[in-house]
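See structure below.
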Amino acid sequence: MLVPSTRRLSATAVLGAAALTLSTLAGVTSASAQGAFPAADEIVTSPNVRHVANIPATAPLGGPSSVGTDLAFTGDYAIAGNYLGFTIYDIKTPERPRITSQVLCPGSQNDVSVSGNLLFLSTDSRRSDASCNSVAQSDGTKPYWEGIKVFDISDKRNPRYVTAVETACGSHTHTLVPGKKNKDVYLYVSSYSPAASLSKCQPPHDIISIVKVPLRDPASAALVATPNLFPDGGNPGRSGTIETGYTSATTGCHDITVFPAKDLAAGACMGDGVLMDISDREKPRVISRVQDDEHFAFWHSATFNNAGTKVLFTDELGGGGAATCNPEIGPTRGADGIYDITGRGDKRALEFKSFYKINRTQTDEENCVAHNGSLLPVPGRDIMVQAWYMGGVQIIDFTDSTAPKEIGFFERGPAADPDESGGVWSAYYYNGYIYTSDLGKGFDVLRIDDPRTDLAKFHRSTELNVQTQGTY
């Protein structure tokens with residue numbers, strides 16, 4: 001996500017995927033089933049998906065400046081980032097979630113991850129200092145701070161600020177990487193958009209920042225490396241518009257997903273998609289790199305399948321604020337790109353297989369594009385739930401890399417209150433339910449009941465950071 005927006009999108013078809021089944025169409029109990037768009041705030045789902053709970057954004061994290069962002073999970077709690085801070089929800093009873101605590105700590109995006117009793121928070125806006133009482137510092141030539149904050153959440157009702165680590169160009173997102181001896185965790189910090197006018201974010205910025213956090217002494221967290229992923233330069237980019245097509249120049253990475261058990265990482269780096277060897281946690285190496293200037297405007301995020309043999313990359317065409325889910329944009333831009341991993345060792349490569357895009361056309365006032373999602377733990381299948389901003393939530397099966405298909409969906413009609421527009425930022429599966437963070441609507445809980453996904457309900461996790469993929 002680049003900037004919040006009140007624009008709404010329309011949807012397109014899937015390349016190589018079938019249309020909705022007759023049973024799915026029959027189960028949509030709204031005007032949209034007859035070909036009309038949902039009314040303002042109207043909830044529409046496939047028959048196998050049920051909306052079970054919502055908690056709106058509330059003070060001190062509510063109001064016009066509120067923007068819901070990413071999610072992380074620990075035990076019976078979900079933690080939701082917000083441009084204004086973060087909220088800890090008690091989800092012991094998923095259909096009746098409750099707010100346990102809220103921390104006011106402004107600093108977009110406030111992406112979150114957890115490790116035991118530690119919470120990590122990304123700050124990607126210039127602030128006067130590293131405290132939660134800081135104010136915005138718009139002038140990049142004056143002293144400012146941005147980077148990673150660390151909190152102790154052993155008492156979920158009273159999170160405690162521990163320390164902060166400054167990183168070049170801030171922290172748009174970060175990825176938690178377990179150390180090999182379980183004594184430390186690493187944070188791979190992604191940031192981008194350098195400018196000569198920013199004293200701490202100078203071009204070309206082809207790096208990521210690596211923060212090391214000793215688990216027994218988190219207050220000593222420190223920056224330990226800034227590896228250059230693109231020593232020969234990243235994608236120079238291609239000019240154009242949303243309608244004609246463009247590609248962002250690579251000036252850093254937007255997001256990185258790691259698969260620690262396989263010592264692999266997949267980087268979505270603006271104009272480039274990369275596969276990395278992370279055997280040495282402090283020295284990640286790019287072993288494969290792909291570009292697709294015809295279809296990808298902005299390589300945004302990545303998801304491995306459970307076997308670690310595929311990567312699904314997302315393209316955030318329009319930066320999350322534009323209407324791109326429509327027939328005019330088409331099915332191959334602002335979509336998912338599915339790649340198989342071929343070869344072995346340093347000869348592994350990313351091989352393109354297909355695109356996937358939601359097939360429900362949205363209005364021109366609905367921002368809709370591929371965004372954050374996670375796997376469902378279904379043995380032997382590659383099934384994923386994914387957020388599409390105002391396109392809602394999509395559950396897809398990409399077991400066949402060449403023919404991904406829809407399993408179910410959830411979405412709302414255009415927001416009746418403009419301050420609540422924006423749509424779903426993240427949609428993640430955790431212990432039997434789908435949890436979503438909406439830019440304006442707050443925290444939602446969904447349930448899918450379908451023979452193709454029911455086995456996932458038997459899997460239990462004690463912690464989930466989606467960009468740190470485990471195995472099931």
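Computed over heavy atoms, backbone and side chain alike; hydrogens, waters and symmetry mates excluded. If you read the sequence from its start, that first residue is 1, and numbering goes on from there.
- The side-chain hydrogen bond (donor to acceptor under 3.5 Å, both in side chains) with S301 is formed by just one residue from the set D255, D336, T314; it is T314.
- Residues F398 and Y356 keep their aromatic ring centres 6.0 Å or farther apart.
- Here R412 does not pair with E420 in a salt bridge; the nearest charged N to carboxylate O distance is not below 4.0 Å.
- Taking the ring axis of Y77 as reference, the NZ or CZ atom of K156 stays within 45° of it and closer than 6.0 Å to the ring centre.
- Identified under the ring-ring contact (aromatic ring centres under 6.0 Å, His included) test for residues 39-59, with sequence neighbours left out: H51-F410.
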F86 vs F151, ring-ring contact (aromatic ring centres under 6.0 Å, His included): CA-CA, chis, key distance, verdict
CA-CA 11 Å; F86 64 90; F151 290 80; 5.2 Å; yes

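- Side-chain atoms of Q102 never come within 3.5 Å of backbone atoms of L61 as a donor-acceptor pair (strictly under, hydrogens ignored).
- Panel note: side chain Y188, backbone R281; a donor-acceptor pair is recorded below 3.5 Å.
- A salt bridge is defined here as a Lys NZ or Arg NE, NH1 or NH2 lying under 4.0 Å from an Asp or Glu carboxylate O, and D340 with K310 fails to meet this definition.
- Taken from OG in S125 to NE2 in H172, the straight-line distance is 11.0 Å, to the nearest 0.5 Å.
- Side chain to side chain, Q109 and S122 fail the donor-acceptor criterion of an N or O pair below 3.5 Å.
- The main-chain N or O of G62 is never found under 3.5 Å from a side-chain atom of T58 such that the two would form a donor-acceptor pair.
- Salt bridge R452/D397: absent, no basic N to carboxylate O contact under 4.0 Å.
- You'll find the ring centres of H371 and W425 inside the 6.0 Å limit.
- Within the 3.5 Å criterion, the main-chain N or O of A302 finds a donor-acceptor partner in the side chain of T257.
- Annotation: disulfide bond (SG atoms under 2.5 Å apart) contacts involving residues 443-472, sequence neighbours excluded, are absent.
- A distance-only check finds no donor-acceptor pair linking the side chain of S171 to the backbone of D124 [under 3.5 Å].
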